Amino acid sequence: MCGIAGIIKKKNAYINRDEIQKMTDTMIHRGPDAEGIYIDGNVGLGHRRLSIVDLSESGNQPMSSYDEKYVLVFNGEIYNYIELREELKKKNAIFYTETDTEVILEAYRYWGINCTKRFNGMWSFALYDKEKKQVILSRDRFGVKPLYVYESEDEFIFASEIKCITAIRPEQKKVDIVQVARYLSYYQEDIDEHTFYQNIHNFPRSCSMQYDLNTNISNCQRYWEINVRKLKRKWKCDDPYRKFRELLEDSIRIRLRADVGIGACLSGGLDSSTIVGITSKKFQRKIHTFSSVYEEKSCNEKEYIDCMNQYAGTIAHHIYPDHSEEIIQDMKQMLWYHDGPYETASPYSGYCVYKGVGKYAKVMLDGQGADELLGGYEFFYNAKLKELLRQNTLISRIKAVMLIFGFQNMQMEQEIVLPDKLILKALGTAGYQIYKKHIKKKDPFSLWNTKIKYRKEFSGIDLEVVPWKNRTITNELDQVLNQHLQYFTLPNILHDVDRSSMARSLEVRLPFLDYRLVEFSYTISDEDKIRGTWTKYIMRKSCKQYLPEKICNRKNKLGLPAPFDKWIRDERFKDVIKGYLDAFKNRNIVDGHSLERCYKEHISGKEDWKDQLFRFMMLEMWLQSEIDTPEKKWVYQAV
């Protein structure tokens, strides 16, 4: 895990070494162990190293191949590097280090740009091919590792963090109003090329790009995509439960490869508990676990955390974020690491957890991705229900009825938001009346849209969101899962995890995002994902030997919550939060009276506006710290 940066000058101008140095200095938190710069004419590469594998100086970057044809800067881990190195040795490849970095160099030599298809890992890298006069940029399948690009008539710049680019091009601190509008419309971050900075873009995940230094023309190609028909042939098996467990076990096995200490985040939920259980029971590792604990009942998962720690025999560490007097100040500091506003207060919990890790581990295992693969969120019941009603068979309608009334006993926070006609069709008139009385809930988005009034100039912004439909997926649930895995929920979560962990110089590894496990999950039936009111059914059944019954049978889900709704009312923070909200009224985005009304309703307890108020506060905080200048305060102006 590291940080990379680079500049390509288009008109044969020479690279300013001080600019590369400034870029790498800006992200020293991503790699405090070593630094390096390589310059060749109009190409400059910079690197900050967080040493994880082969801790010797021979692993420092930029790294040249043994014949100096190629130069590489790399952020991430290739977990199957040992197997790839053995395969390459059979082709007479030469290795002088034990690093996965050198494996990338030799893989490119023998397999070219398609070498990424063989990588099992997370990465963003830039490889300078001096012979072909090309620079290759690549990013992993799910965008676990960040990569940003900025291009002008004179140069092409890339880096692991946006702030590295604005450090040398401060004039590019221009607001992308489309991303701001998305942020306030509940769209997540990192869904496409847009960032909060107008001319600085996300490099696309699952893609590699060849930049021709002779012509300054780039060619970007996708090396991995989901085709369910092909995957069903590739992963056909007789026992999907056994196969799922074996793939998850092997994913964890190769993610335990490191020359430093490894720990695990433990929320007390099914996903992180399964990882801890397999690590301790299958691989006999006595690991340190780190958990966020709040005294607030709605956020407290301590009983489940303690249950799992006792069962697995771990070395447990509890972090209490709520005890801090600097919560708002910490959130402001997080904005700098995140390069923009984040959606909820939840990342603050992770940020605090990572703070306590450094003494014990440099690598952390975590459970992100399982919810998007296997239907772990409550709102996925809507897609499951819609698919059952679409099938319109006697059996599917019976299952739909059972699913709807299963909501009654689960005390769901999430509402069913399917059209009433579909529910009426499934239940009949009498059943529909019971549904309306006992189950149907108020849609928070409709409340949000009717009570929050935007300025006329702002409300008409085109969000530029394209349809995210995979034509090879025919099942409604799988279609929605795919959208959240690749375009909606997960990219935003990965952004938060990377920035919060790297702020503490930690590498986080995500076993559920092993591409083999992801591909296999697309072939699993929806009944093995959501069965009745049981989410992630296949994981509960196939991995129950690694879990205490209390965790395996747990249905309620909290994630990594943070009680921001209470912090708004807390006398320690109330005035500071109100100050940011009052300042936001002057940005020409939201109607000040409607914002004030929502704030008062939240303070009185009449309505829960925590999510909306948090976003207003974060956006104002970011504008003040990163966009405003002493001479001018940013105010939205329609083009």
Side-chain angles (χ1 to χ4, degrees), residues 241 244-245 248-249 252 264-282 287 289-314 316 318-319 346 349-350 353 365-382 384 402-403 405-415 477 481 484 489 493 510-512 517 521 524 526-563:
Y241 287 72
F244 179 89
R245 183 181 67 251
L248 181 55
E249 289 170 347
I252 293 172
C265 292
L266 179 61
S267 69
L270 180 65
D271 309 337
S272 61
S273 295
T274 300
I275 291 171
V276 169
I278 292 174
T279 302
S280 60
K281 299 292 185 180
K282 171 76 175 178
I287 61 170
T289 64
F290 301 85
S291 307
S292 171
V293 177
Y294 289 95
E295 294 174 0
E296 173 65 35
K297 185 178 179 181
S298 63
C299 299
N300 194 335
E301 298 190 85
K302 190 173 184 296
E303 65 171 300
Y304 299 104
I305 293 167
D306 291 345
C307 174
M308 189 63 215
N309 278 320
Q310 184 177 4
Y311 180 82
T314 64
H318 293 161
I319 290 89
S346 182
S349 297
V353 168
L365 302 178
D366 211 340
Q368 282 80 6
D371 289 317
E372 291 78 10
L373 285 179
L374 303 174
Y377 297 121
E378 292 174 2
F379 53 75
F380 289 140
Y381 284 107
N382 288 294
K384 170 72 172 181
M402 293 173 64
L403 178 59
F405 285 100
F407 269 60
Q408 258 186 302
N409 301 321
M410 292 177 64
Q411 299 181 337
M412 287 285 195
E413 291 293 326
Q414 183 70 29
E415 72 289 338
L477 175 61
L481 291 177
H484 282 269
T489 311
I493 291 173
L510 308 173
F512 288 108
L517 188 64
S521 295
I524 299 171
D526 61 348
E527 280 292 290
D528 288 331
K529 294 172 182 174
I530 298 178
R531 182 170 298 190
T533 55
W534 290 100
T535 62
K536 296 179 279 195
Y537 187 80
I538 192 171
M539 183 160 67
R540 295 178 191 271
K541 292 302 179 183
S542 64
C543 298
K544 62 182 179 180
Q545 68 202 71
Y546 299 122
L547 295 165
E549 188 175 345
K550 184 174 186 176
I551 302 293
C552 193
N553 294 334
R554 183 184 178 188
K555 284 190 175 181
N556 66 317
K557 179 178 179 60
L558 297 182
L560 269 178

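Side chains included, hydrogens not; waters and symmetry mates left out as well; all remaining heavy atoms used. This one's a predicted model, so the numbers in the text were calculated from it and none came from an experiment. Position 1 is the first residue of the sequence; numbering continues from there.
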Step-by-step side-chain contact (heavy atoms from CB on, under 4.5 Å) determination, L373 to I524 | CA-CA 10 Å; L373 285 179; I524 299 171; over 6 Å; no
Step by step, would you call S272 with C265 a side-chain contact (heavy atoms from CB on, under 4.5 Å)?
-> CA-CA 7 Å; S272 61; C265 292; 5.6 Å; no
So which heavy atom on G268 is nearest to which on Y304, and how close?
-> O-CB, 3.5 Å
R245 side-chain N/O to K541 backbone N/O, donor-acceptor pair under 3.5 Å | no
Please round to the nearest 0.5 Å and tell me the distance separating atom NZ of K544 and atom OG of S542.
-> 10.0 Å
Between F512 and G369, what is the shortest heavy-atom contact and its length?
-> CB-C, 4.2 Å
So, N300 side chain and K302 main chain: donor-acceptor pair closer than 3.5 Å or not?
-> yes
Who are the side chain to side chain contact (heavy atoms under 4.5 Å, CB included) partners of Y311, not counting sequence neighbours?
-> K281, M308, P548
Please answer whether the main-chain N or O of T535 pairs with a side-chain N or O of R540 as donor and acceptor at a distance below 3.5 Å.
-> yes
Among all residues two or more places apart in sequence or in another chain, which pass the salt bridge (charged side-chain N to carboxylate O under 4.0 Å, His left out) test with D371?
-> K536, K557
Distance-only, no hydrogens or angles: does the Y294 side chain make a donor-acceptor pair with backbone N or O of A562 under 3.5 Å?
-> no
When rounded to the nearest 0.5 angstrom, what distance separates OG1 in T289 from CD1 in I275?
-> 12.5 Å
For a side chain to side chain donor-acceptor pair (under 3.5 Å) with T489, tell me which candidate from H484, E372, Q368 qualifies.
-> H484
All heavy atoms of A316 vs all of N309, minimum pair found to be CB-ND2, 3.4 Å
State the CG-CD1 distance between D271 and I551, to the nearest 0.5 angstrom.
-> 11.0 Å
Heavy-atom pair of closest approach, residues P511 and L517 | O-CD2, 4.0 Å
Within the side chain of S292, is there an N or O that forms a donor-acceptor pair under 3.5 Å with the backbone of V353?
-> no
L248 versus Y546: any side-chain heavy-atom pair under 4.5 Å?
-> no
V276 to A264 - nearest heavy-atom pair and separation = CG2-CB, 3.9 Å
Distance col, row T533:OG1 vs K555:NZ, nearest 0.5 angstrom, shows 2.5 Å
Does any non-hydrogen side-chain atom of Y537 lie less than 4.5 Å from one of L374?
-> no
Sequence neighbours excluded, the answer for ring-ring contact (aromatic ring centres under 6.0 Å, His included) partners of Y377 is F379, F380
Non-hydrogen side-chain atoms of T314 and T279 separated by less than 4.5 Å | no
Is the count of non-hydrogen atoms from other residues, nucleotides or ligands lying under 6.0 Å from Q310 atom CD greater than 12?
-> no
Go through the steps for K282 and I252 under the test side-chain contact (heavy atoms from CB on, under 4.5 Å), then give the verdict.
-> CA-CA 10 Å; K282 171 76 175 178; I252 293 172; over 6 Å; no
Sub-3.5 Å donor-acceptor pair from the side chain of K384 to the main-chain atoms of I530, do we have one?
-> yes
Given side-chain contact (heavy atoms from CB on, under 4.5 Å), test M539 with F244 step by step and report yes or no.
-> CA-CA 8 Å; M539 183 160 67; F244 179 89; 3.9 Å; yes
From E301 atom CD to S291 atom OG, the distance as rounded to the nearest 0.5 Å | 9.0 Å
Residue pair C543 / I278: nearest heavy atoms and the distance that separates them | SG-CD1, 4.5 Å
